[in-house]
Undergrad: 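Following this message is one structure expressed as structure tokens.
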Amino acid sequence: MDCIFCKIVNGDLPSTKVLENDKVLVFQNINPEAPVHVLIIPKKHIASMNDVQEEDLALIGEMHRAAQEAAAQLGIAESGYRLINNCGPNGEQTVFHLHYHLMGGKRLGALTGISPSHT
Ligand code: 5GP
Ligand code: ZN
């Protein structure tokens with residue numbers, strides 16, 4: 001399968017790993033948009049949030065647990081962070097392997113402040 005995140009899981013593409021277990025991988029974003037910006041992915045290929053099945057619900061919990069652990073490891077647990085999933089065209093999803101962005105290390109601004117408009 002021609003999926004860059006599956007290639008990162010398999011070691012066919014390099015990444016800077018932050019945390020790994022048998023189900024989840026956390027690695028540095030190649031193009032960070034905050035002082036801390038890592039990606040949390042399931043090792044299993046799931047294309048997007050729309051494709052999460054009943055059998056994947058425990059895995060979603062594992063991703064949240066990994067986010068919590070990565071935030072602590074990266075020193076942003078107390079200062080706070082944002083956990084984001086982009087889904088589909090309006091969500092600006094560009095890589096179709098499910099992932100969360102974990103972002104922090106500075107004040108990220110209120111969500112209303114980054115929303116272009118409601119029209
Ligand atoms: P999306 O826009 O799909 O929510 O986010 C995809 C993210 O993956 C982007 O922030 C982009 O910088 C990151 N990304 C794309 N290709 C690579 C890669 O080959 N390695 C790493 N580490 N990050 C990547
Ligand atoms: Zn994949």
Side-chain angles (χ1 to χ4, degrees):
M1 194 188 304
D2 199 27
C3 168
I4 56 171
F5 287 179
C6 280
K7 287 180 180 166
I8 284 174
V9 168
N10 296 335
D12 294 336
L13 273 179
S15 69
T16 304
K17 293 179 183 177
V18 171
L19 192 152
E20 182 174 18
N21 62 38
D22 57 335
K23 296 190 174 65
V24 177
L25 176 64
V26 183
F27 57 100
Q28 296 288 349
N29 194 318
I30 203 166
N31 185 23
E33 296 180 43
V36 174
H37 189 172
V38 299
L39 298 170
I40 296 147
I41 67 170
K43 289 191 168 178
K44 172 185 177 182
H45 181 85
I46 300 171
S48 83
M49 192 62 88
N50 284 341
D51 301 289
V52 172
Q53 306 294 321
E54 185 80 24
E55 68 195 32
D56 301 319
L57 296 183
L59 184 54
I60 300 302
E62 298 275 356
M63 291 173 72
H64 280 254
R65 172 65 86 181
Q68 184 191 63
E69 289 179 3
Q73 189 177 315
L74 295 166
I76 59 167
E78 297 306 320
S79 54
Y81 49 85
R82 195 167 275 161
L83 191 63
I84 299 167
N85 170 255
N86 295 329
C87 184
N90 282 1
E92 307 288 353
Q93 184 178 5
T94 60
V95 176
F96 285 82
H97 180 126
L98 181 66
H99 54 280
Y100 286 124
H101 299 252
L102 173 66
M103 302 172 76
K106 68 169 188 180
R107 292 298 288 256
L108 295 166
L111 277 177
T112 50
I114 62 170
S115 179
S117 76
H118 294 286
T119 57

Undergrad: Taking side chain to side chain contact (heavy atoms under 4.5 Å, CB included) as the criterion, tell me which of Val95, Leu98, Asn10 meets it with Phe5.
TA: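 Testing Phe5 for a side chain to side chain contact (heavy atoms under 4.5 Å, CB included) against Val95, Leu98, Asn10 leaves exactly one candidate, Val95.
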Undergrad: Within the structure provided, determine whether Leu25 and Lys17 are in side-chain contact (heavy-atom separation under 4.5 Å).
TA: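 The answer is yes; the side chains approach within 4.5 Å.
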Undergrad: Answer yes if Ile46 and Val26 sit in the same cluster of Ile, Leu, Val, Met, Phe, Trp and Tyr residues linked by side chain heavy atoms under 4.5 Å apart, and no otherwise.
TA: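 Yes, because Ile46 and Val26 connect within a single hydrophobic cluster, where side-chain heavy atoms sit under 4.5 Å apart.
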Undergrad: Quick one: salt bridge (charged side-chain N to carboxylate O under 4.0 Å, His left out) partners of Asp2, sequence neighbours excluded?
TA: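 Once residues adjacent in sequence are excluded, the partners of Asp2 under the salt bridge (charged side-chain N to carboxylate O under 4.0 Å, His left out) criterion are Lys7.
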Undergrad: Return the minimal non-hydrogen interatomic distance between Gln68 and Tyr81, and the atom names on each side.
TA: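 For Gln68 versus Tyr81, the nearest heavy atoms are CA-OH, 4.4 Å.
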Undergrad: Is there a path of hydrophobic side-chain contacts, each under 4.5 Å between heavy atoms, that joins Ile4 and Val18?
TA: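 No, Ile4 and Val18 fall in different hydrophobic clusters.
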Undergrad: Out of curiosity, Met49 CE to His99 NE2, how far, rounded to the nearest 0.5 Å?
TA: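 Nearest 0.5 Å value for the CE-NE2 distance: 10.0 Å.
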Undergrad: Considering non-hydrogen atoms only, spot the tightest contact between His97 and Pro42 and give its length.
TA: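 Minimum heavy-atom separation between His97 and Pro42: NE2-O, 2.8 Å.
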Undergrad: Do you know the tightest heavy-atom contact between Leu102 and Ala70?
TA: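 Closest approach of Leu102 to Ala70, heavy atoms only: CD2-CB, 3.9 Å.
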Undergrad: Please name the pair of heavy atoms, one in Leu74 and one in Gln28, separated by the smallest distance, quoted to 0.1 Å.
TA: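 Closest heavy-atom pair between Leu74 and Gln28: CD2-NE2, 4.4 Å.
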Undergrad: Please name the pair of heavy atoms, one in Ser79 and one in Gly75, separated by the smallest distance, quoted to 0.1 Å.
TA: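 Closest approach of Ser79 to Gly75, heavy atoms only: OG-O, 4.2 Å.
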Undergrad: Quick one: which of Ile8, Thr16, Val9 gives a side chain to side chain contact (heavy atoms under 4.5 Å, CB included) with Phe27?
TA: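 Looking at Ile8, Thr16, Val9, the match for Phe27 under the side chain to side chain contact (heavy atoms under 4.5 Å, CB included) is Ile8.
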Undergrad: In terms of hydrophobic clusters joined by side-chain contacts under 4.5 Å, are Leu59 and Phe96 together?
TA: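 The answer is no; the residues belong to distinct hydrophobic clusters.
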Undergrad: Nearest 0.5 angstrom please: Ser48 OG to Asn85 CG, how far?
TA: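 So the gap between those two atoms works out to 7.5 Å.
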Undergrad: Applying salt bridge (charged side-chain N to carboxylate O under 4.0 Å, His left out) as the test, list every pair that has at least one member in residues 50-62; sequence neighbours left out.
TA: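 Applying salt bridge (charged side-chain N to carboxylate O under 4.0 Å, His left out) to every pair that reaches into residues 50-62, excluding sequence neighbours, yields Lys44-Glu55, Lys44-Asp56.
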Undergrad: Restricting to non-hydrogen atoms, name the atom on Gln93 and the atom on Ala47 that form the minimum distance, rounded to 0.1 Å.
TA: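 Smallest interatomic distance, heavy atoms only, reads NE2-O, 3.1 Å.
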Undergrad: For the hydrophobic clusters of this structure (ILVMFWY residues joined by side-chain heavy atoms under 4.5 Å, transitively), does one cluster hold both Val24 and Leu83?
TA: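 Looking at the clustering, Leu83 is in the same group as Val24.
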Undergrad: I'd like to know whether CG of Asn90 has more than 12 heavy-atom contacts from other residues, nucleotides or ligands below 6.0 angstrom.
TA: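 Not more than 12 within 6.0 Å, no.
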Undergrad: Can I get a per-line list of side-chain donor-acceptor pairs under 3.5 Å for residues 30-41, giving both atom names and the distance, sequence neighbours left out?
TA:
from: His37; atom 1: ND1; to: Glu33; atom 2: N; distance (Å): 2.9
from: His37; atom 1: NE2; to: Asn29; atom 2: ND2; distance (Å): 3.1
from: His37; atom 1: NE2; to: His101; atom 2: ND1; distance (Å): 2.8

